[in-house]
Protein chains: 2
Amino acid sequence: MNKIDIFKKLRSSGLRPTKQRVEIAKFLFERDKTFHFTVESLDKLLSKKTTSKFALATIYNTVHAFKNAGHLSEVEVRGKKTYFDTNVTNHHHFYDSETSELIDIDENEIIIQKIPKAPNGKKIKNVEVFINLKN
Amino acid sequence: MNKIDIFKKLRSSGLRPTKQRVEIAKFLFERDKTFHFTVESLDKLLSKKTTSKFALATIYNTVHAFKNAGHLSEVEVRGKKTYFDTNVTNHHHFYDSETSELIDIDENEIIIQKIPKAPNGKKIKNVEVFINLKN
DNA sequence: TATTTAGTTTATAATGGTTCTAAAGTAAAA
DNA sequence: TTTTACTTTAGAACCATTATAAACTAAATA
């Protein structure tokens with residue numbers, strides 16, 4: 001994803017391509033593989049990999065803006081911090097609590113044969129499978 | 001579950017049956033159905049249903065002691081608060097984000113036909129299925 | 001291009017759930 | 001009954017996250 005595409009991605013989401021957003025977007029989206037992070041880890045990585053400085057609040061703002069625009073998804077992981085994922089398709093996760101590492105599982109790698117009906121008046125929005133790992 | 005059983009339950013977990021623990025245990029475990037709660041909701045319910053007073057720290061301490069003893073499980077729900085569950089068997093959940101309500105799904109109500117292998121050197125500890133509901 | 005306007009970044013304060021602390025209290029052992 | 005070890009408690013501390021409001025900047029307007 002080149003700079004023009006980054007600009008397009010931001011503009012089409014109603015986000016001004018500011019210096020900070022462009023740099024964070026480049027860092028997050030110019031990748032082949034899915035990337036998982038917390039705001040804290042992203043902050044550390046950004047200060048290593050770039051020369052710019054980012055206020056912590058800006059990282060929070062930007063990550064939320066990207067999430068609201070559908071460019072990031074939030075993954076529920078036991079613990080205090082919120083994890084984000086550059087993979088925004090429906091998919092599942094392995095979680096290794098030893099290393100706090102998430103690994104994506106493609107939607108079609110899991111087939112559920114039997115599932116209960118949703119309770120009265122409710123519908124199923126989505127199904128998340130979370131596989132905890134051990135050594 | 002009568003008072004003697006509550007005492008046994010506590011004693012066998014190495015927990016002194018103090019006034020507070022017994023009252024909280026009675027409230028949590030003398031039920032037919034699974035009960036889901038957060039520390040906040042438990043605090044409110046206890047102050048309604050009992051005449052005793054409990055320091056918030058005591059509720060935290062007690063809930064963690066019960067969890068460590070295997071009498072409660074923790075459920076991962078998107079959001080800030082930690083949810084607990086009196087159902088400590090392997091099972092799954094519906095979650096209704098409109099009402100913040102959890103509903104248990106018995107383990108055998110979900111059959112997974114296909115599942116990926118665990119990554120190199122790792123094993124699968126457990127599989128959690130979380131079904132988000134909508135109206 | 002200069003000016004205005006609306007959106008953005010920033011440092012810092014505030015928030016809120018949870019954990020820590022250490023003093024007072026209580027159950028169990030001696 | 002005395003001692004010991006564990007527990008409760010109120011309040012402080014913690015820490016991830018959100019709010020605030022002043023300084024800044026991109027984009028629109030003139």
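Side chains included, hydrogens not; waters and symmetry mates left out as well; all remaining heavy atoms used. All chains are named by letter (A, B, ...) in the order of the sequence lines, taking the proteins before the strands, and each is independently numbered beginning at 1.
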Expressed in angstrom and rounded to an integer, what is the separation of [X] atom [atom1] from [N] atom [atom2]?
X     : N      : atom1 : atom2 : answer
B/H64 : D/dT8  : NE2   : P     : 14 Å
B/L15 : C/dA27 : CG    : C1'   : 13 Å
A/Y60 : D/dT20 : OH    : P     : 17 Å
B/N68 : C/dT19 : CG    : C1'   : 14 Å
A/K80 : D/dA13 : NZ    : P     : 17 Å
B/E40 : C/dT15 : CD    : P     : 16 Å
B/R16 : D/dT8  : CZ    : P     : 10 Å
B/K53 : C/dA24 : NZ    : P     : 20 Å

Quick one: which of [options] gets closest to the side chain of [X]?
X     : options                : result
A/P17 : C/dT10, D/dG11, D/dA27 : D/dA27
A/R21 : D/dT8, C/dT9, C/dG17   : C/dT9
B/T58 : C/dT12, D/dT8, C/dT18  : D/dT8

ask   = Are A/H36 and A/D85 close enough that a side-chain donor and a side-chain acceptor fall under 3.5 Å?
value = yes
request  = Could you tell me whether B/R31 sits above the aromatic face of B/F35, with NZ or CZ closer than 6.0 angstrom to the six-membered ring centre and within 45 degrees of the axis?
outcome  = yes
query = Which part of the nucleic acid, if any, lies within contact of B/T82, taking any heavy atom under 4.0 Å across all strands shown: a base, the sugar-phosphate backbone alone, or nothing?
reply = sugar-phosphate
task = Under 4.0 Å between any heavy atoms, over every strand shown, what does B/T18 touch: base, sugar-phosphate, or nothing? Just pick one.
result =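 Here B/T18 touches the backbone only, sparing every base.
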query = Does the side chain of A/N132 come within less than 4.5 Å of A/S97's, by heavy atoms?
reply = no
task = Please go through A/L102's hydrophobic cluster and name the other residues, only I, L, V, M, F, W, Y counting, with side-chain heavy atoms under 4.5 Å joining them.
result = A/V75, A/V77, A/Y83, A/Y95, A/F130
Can you give me every donor-acceptor pair (side chain of residues 51-59 of chain A, partner residue at least two apart or in another chain, under 3.5 Å) with its distance?
| residue | atom | partner | partner atom | Å |
| --- | --- | --- | --- | --- |
| A/S52 | OG | A/E23 | OE1 | 3.4 |
| A/S52 | OG | A/E23 | OE2 | 2.1 |

ask   = Does OP1 or OP2 of C/dT10 have a side-chain N or O of A/Q20 closer than 4.0 Å?
value = yes
